[in-house]
Protein chains: 4
Amino acid sequence: MPKHNLFNEILSIHSTKRTVKQQRIVEAAISLFADKGYSNTSTAEIAKVAEVSEASIFKQYGTKDHLLLSLIVPYIREFFPSMANEALDQIISNGDSTFEGFLRTFLHNRIEFIRGNKEIFQVLIKEVIYKEELKHEFLPYVSDLIVPRLTKLIEAFQERGELADIPVDKILKLVFGFIGGFMISRFVLFNMDSIPDEEIEEAITFVMDGIRHR
Amino acid sequence: MPKHNLFNEILSIHSTKRTVKQQRIVEAAISLFADKGYSNTSTAEIAKVAEVSEASIFKQYGTKDHLLLSLIVPYIREFFPSMANEALDQIISNGDSTFEGFLRTFLHNRIEFIRGNKEIFQVLIKEVIYKEELKHEFLPYVSDLIVPRLTKLIEAFQERGELADIPVDKILKLVFGFIGGFMISRFVLFNMDSIPDEEIEEAITFVMDGIRHR
Amino acid sequence: MPKHNLFNEILSIHSTKRTVKQQRIVEAAISLFADKGYSNTSTAEIAKVAEVSEASIFKQYGTKDHLLLSLIVPYIREFFPSMANEALDQIISNGDSTFEGFLRTFLHNRIEFIRGNKEIFQVLIKEVIYKEELKHEFLPYVSDLIVPRLTKLIEAFQERGELADIPVDKILKLVFGFIGGFMISRFVLFNMDSIPDEEIEEAITFVMDGIRHR
Amino acid sequence: MPKHNLFNEILSIHSTKRTVKQQRIVEAAISLFADKGYSNTSTAEIAKVAEVSEASIFKQYGTKDHLLLSLIVPYIREFFPSMANEALDQIISNGDSTFEGFLRTFLHNRIEFIRGNKEIFQVLIKEVIYKEELKHEFLPYVSDLIVPRLTKLIEAFQERGELADIPVDKILKLVFGFIGGFMISRFVLFNMDSIPDEEIEEAITFVMDGIRHR
DNA sequence: GATGAATGAGTTTTCATTCAT
DNA sequence: CATGAATGAAAACTCATTCAT
């Protein structure tokens with residue numbers, strides 16, 4: 001059931017191939033938005049970096065706002081589904097996998113994805129805070145698409161007795177809230193290029209066992 | 001050793017009491033910055049909401065940028081020290097207190113503090129992401145002032161055998177990274193007015209024991 | 001009963017005194033709009049002619065559209081009421097006046113008025129055609145304010161047996177339609193500075209007796 | 001003596017038949033110009049409505065200005081000559097026709113013509129006011145072509161004693177000025193689709209006999 | 001003959017800031 | 001201390017027009 005929303009609308013428009021100049025616009029915009037933020041980046045600046053006229057930007061995207069969405073929406077579309085599919089389905093069917101193993105795979109997988117598009121990730125995170133519009137499109141999208149899958153996954157692991165008897169939705173919020181903050185602080189706040197394996201392992205241990213001495 | 005930086009500079013200026021109009025400016029600015037972000041708020045708008053002339057704002061604060069810092073810096077100065085002093089010193093000396101107890105006290109204490117000034121908190125978080133300048137003033141400040149105290153605290157609890165033998169700096173990053181994300185998501189992203197006790201307890205349990213079944 | 005509409009709204013705003021620069025804006029705008037039309041006049045041009053910054057125009061009037069209305073609306077407010085009051089009331093009470101005499105007085109009176117503000121008159125006529133908004137404010141205003149008075153006047157002269165037994169509303173439309181066209185063609189289309197008495201007399205004769213030979 | 005002017009120039013070019021796309025351009029342009037005015041209609045909009053590329057418009061017409069003239073000039077060429085020929089010559093030779101009869105025929109004839117191309121008529125009237133260029137081409141054209149014919153006509157009726165002994169040029173200006181205003185107010189200002197017979201008769205009576213009681 | 005891509009030169013509008021009073 | 005008036009610079013956006021394909 002394809003709802004009529006910003007996401008679907010924007011995706012349907014820019015499926016065609018881009019010219020060289022159009023590609024330069026996209027790259028310049030992502031780079032500048034990531035660096036200085038959407039509001040502090042002028043279309044004149046984007047045009048200059050992309051070495052095109054401002055008019056070309058507006059011919060393509062109509063408004064600066066639409067340009068932003070045209071960058072972010074496809075990224076979201078790719079980020080979450082692939083998160084769900086690539087990692088989840090495979091693991092869930094593997095009888096002897098552990099949640100810890102899933103977490104490890106998941107983290108490495110998503111970190112790689114973000115590393116490959118760090119700037120868009122930064123733009124997304126920075127602007128979700130500002131643009132109510134984005135937030136209201138983005139959060140439900142995540143909820144509807146991702147939450148059900150993860151819920152099933154967690155339930156499966158709980159049934160195997162691997163996870164504590166905390167309500168699934170609480171586990172989801174705690175674990176993925178933590179992971180979200182973990183990623184965002186590293187890739188957005190500190191602008192790191194990657195996360196060392198060691199740090200990943202520490203995070204996994206923290207999630208599984210907390211910090212209490214046993 | 002008082003470094004010459006924005007923080008100290010600004011604090012030294014505005015120690016005097018505010019007039020009624022100045023107070024209105026501050027309130028209007030905080031409210032608007034929290035709602036729409038610094039970049040998307042014009043000085044004209046602030047003046048209108050505060051019912052003063054734009055000229056008055058500039059007479060007082062010189063630049064819009066300085067106005068922002070004049071709001072945020074005192075807040076930071078208050079947020080972290082009080083965090084350190086009120087909660088920590090007391091707890092650390094209480095021989096039979098637990099880290100869990102400390103965490104509980106700490107969370108409630110900080111949540112109350114944020115609730116009382118939610119809008120400034122929102123401004124701070126939103127702008128730290130955008131303004132490199134702020135980030136570069138803010139993070140070291142936190143590091144220098146807070147980290148040593150918390151380090152001592154954690155070490156104390158580790159010596160009592162309450163916490164796992166994870167290097168202190170790792171524990172710090174994990175726990176306070178999690179708590180930061182916890183607060184920010186509730187108070188900034190979802191603009192909640194408070195956090196239910198139940199949710200706080202879940203967070204504490206998560207931090208202490210993770211999600212593994214025992 | 002002061003209806004809430006554009007007319008009243010705009011009048012209420014600009015009742016205060018204008019500075020020299022503000023007056024220059026008004027004059028430049030009227031002159032340029034009259035000459036080249038609203039759409040073909042840029043705010044940059046107005047600013048240049050008025051020797052002020054464009055920003056000053058927008059600080060005062062908010063939008064170019066509002067500037068136009070701020071010029072036209074007070075003119076309309078003055079044009080029609082004075083038309084009604086000065087000429088009509090006096091004549092209607094004068095027992096031995098004739099409709100022809102009224103027409104003569106009326107024409108001379110209105111021609112003088114237009115001559116004193118020809119450019120605004122030109123702007124008004126040119127833009128009423130284009131701006132539905134103006135048309136929808138302007139026409140009812142005329143209808144409500146002017147038509148009843150003229151109706152009473154015509155009826156009075158009909159009762160004296162001076163005018164043909166044509167329904168009053170028809171006479172109104174024919175006579176004032178003709179006069180309107182008469183004025184507009186001279187002052188707008190041909191940009192004449194005045195209308196010779198001779199031509200006025202011919203118009204009066206035409207209105208009274210048509211062109212048939214007797 | 002074919003003067004070298006815009007009219008003749010444009011007519012000489014576009015005598016060829018229009019392709020389907022060209023026709024769509026013409027229709028879109030007329031419709032949009034009539035509705036919003038030339039200045040407020042962009043070539044992009046025309047292209048969109050016509051479902052052709054903007055480039056096609058410019059390939060055909062060179063400039064937007066030329067497009068406007070290409071619409072208006074042929075219309076003028078048709079409007080006035082047919083006005084002269086169809087109605088006049090026939091009537092003038094008919095010994096027992098009256099001026100009133102001529103007027104009636106003429107009005108019905110021109111009203112029908114306008115009804116069939118109302119939008120171009122609207123464009124013509126609206127733009128004559130704005131474009132000095134058009135005015136300076138249009139008015140002499142009318143004068144040279146129409147005035148002599150009508151002068152002859154009026155003189156003929158005057159000789160028959162049907163019309164008052166007013167100088168012919170005055171009669172012309174009064175009568176056709178009135179009729180022009182009559183048409184323009186109905187078809188342009190009020191955008192009516194036709195004029196009821198009753199109203200036409202009232203206009204004729206007004207022209208012939210004025211409003212004086214006899 | 002038709003068009004997608006591109007743009008230089010404008011357009012209206014906004015904004016932080018200054019200054020005389 | 002307060003502000004009305006003013007603005008230079010830049011913002012987003014528009015537009016008629018060109019040109020290679």
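Because only heavy atoms are used, hydrogens play no part in the values below, and waters and symmetry mates are left out as well, while side chains stay in. Everything quoted here is computed from the prediction, not taken from an experiment. Letters A, B, ... are given to chains in the order of the sequence lines, protein chains preceding strands, and every chain is numbered from 1.
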Protein-nucleotide distance (Ile46(C), atom CD1; dT13(E), atom P), rounded to Å: 11 Å
Test: Lys135(A) and Glu132(A) ion pair at under 4.0 Å: yes
Below 4.0 angstrom from OP1 or OP2 of dA2(F), is there any side-chain N or O of Ser56(B)? no
Are any of the side-chain heavy atoms of Phe138(A) and Leu124(A) separated by less than 4.5 Å? yes
Residue met sooner reading DNA chain F from 5', once Val20(C) and Ala44(A) are mapped to nucleotides: Val20(C)
Using whole Å, report how far OH of Tyr38(C) lies from C1' of dT11(E). 11 Å
Mate of dA9(E) where both pairing distances stay under 3.5 Å, Watson-Crick or G-U: dT14(F)
What is the distance from NZ of Lys48(A) to P of dA11(F), rounded to the nearest Å? 11 Å
Taking C-beta and beyond as the side chain, do Ser70(D) and His66(D) meet within less than 4.5 Å on heavy atoms? yes
Between dG4(E) atom P and Lys21(A) atom NZ, what is the distance in whole Å? 18 Å
Atom OH of Tyr61(D) to atom P of dT3(E): distance rounded to whole Å? 14 Å
Nearest-neighbour nucleotide for the Glu54(D) side chain, dC13(F), dT14(E), dT17(F) considered: dT17(F)
Nearest-neighbour nucleotide for the Thr43(D) side chain, dA16(F), dT3(E), dT14(E) considered: dA16(F)
Both distances below 3.5 Å, Watson-Crick or wobble geometry, any strand: find the nucleotide opposite dA16(E). dT7(F)
Output the single nucleotide from dT7(E), dG4(E), dT17(F) whose closest atom is nearest the side chain of Lys64(D). dT17(F)
Under 4.0 Å, heavy atoms only, any strand: does Lys59(A) hit a base, just the sugar-phosphate, or nothing? base
Is Thr19(C) near enough to dA6(F) that one of its side-chain N or O atoms lies under 4.0 angstrom from OP1 or OP2? yes
Between Thr41(B) and Glu51(A), which has a closest nucleotide on DNA chain E that is more 5'? Glu51(A)
Between Ile25(C) (CD1) and dA5(F) (C1'), how many Å, whole number? 10 Å
Which one of Asn40(D), Ile120(D), Ile46(D), Ile72(D) satisfies the side-chain contact (heavy atoms from CB on, under 4.5 Å) criterion with Phe33(D)? Ile46(D)
Looking for any heavy atom pair under 4.0 Å, which part of the strands does Ser42(A) touch: base, sugar-phosphate only, or nothing? sugar-phosphate
Can you tell me how the ring of Tyr130(C) sits relative to the ring of Tyr130(D), calling it parallel under 30°, perpendicular over 60° and tilted otherwise? perpendicular
Grab the CD-P distance between Gln23(A) and dA6(E) for me, whole Å please. 12 Å
Cation over ring, Lys64(C) on Tyr38(C), under 6.0 Å and within 45°? yes
Quick one: Ile57(B) CD1 to dC1(F) P, roughly how many Å, whole number? 16 Å
Report the nucleotide, chosen from dT7(F), dT17(E), dG4(E), that has the shortest atom-to-atom distance to any side-chain atom of Ser53(D). dG4(E)
Closer than 4.0 Å, any side-chain N/O of Gln22(A) to the OP1 or OP2 of dA6(E)? yes
Mind checking Ser39(C) for me? I need base, sugar-phosphate or nothing, with any heavy atom below 4.0 Å counting as a touch. nothing
Closest listed nucleotide, where the reference is the side chain of Ala55(B) and the choices are dA6(F), dT3(F), dG8(E): dT3(F)
Of Val52(B) and Glu45(A), whose closest DNA chain F nucleotide lies nearer the 5' terminus? Val52(B)
Nearest to the Phe58(B) side chain among dT17(E), dT14(E), dT7(E), which nucleotide is it? dT17(E)
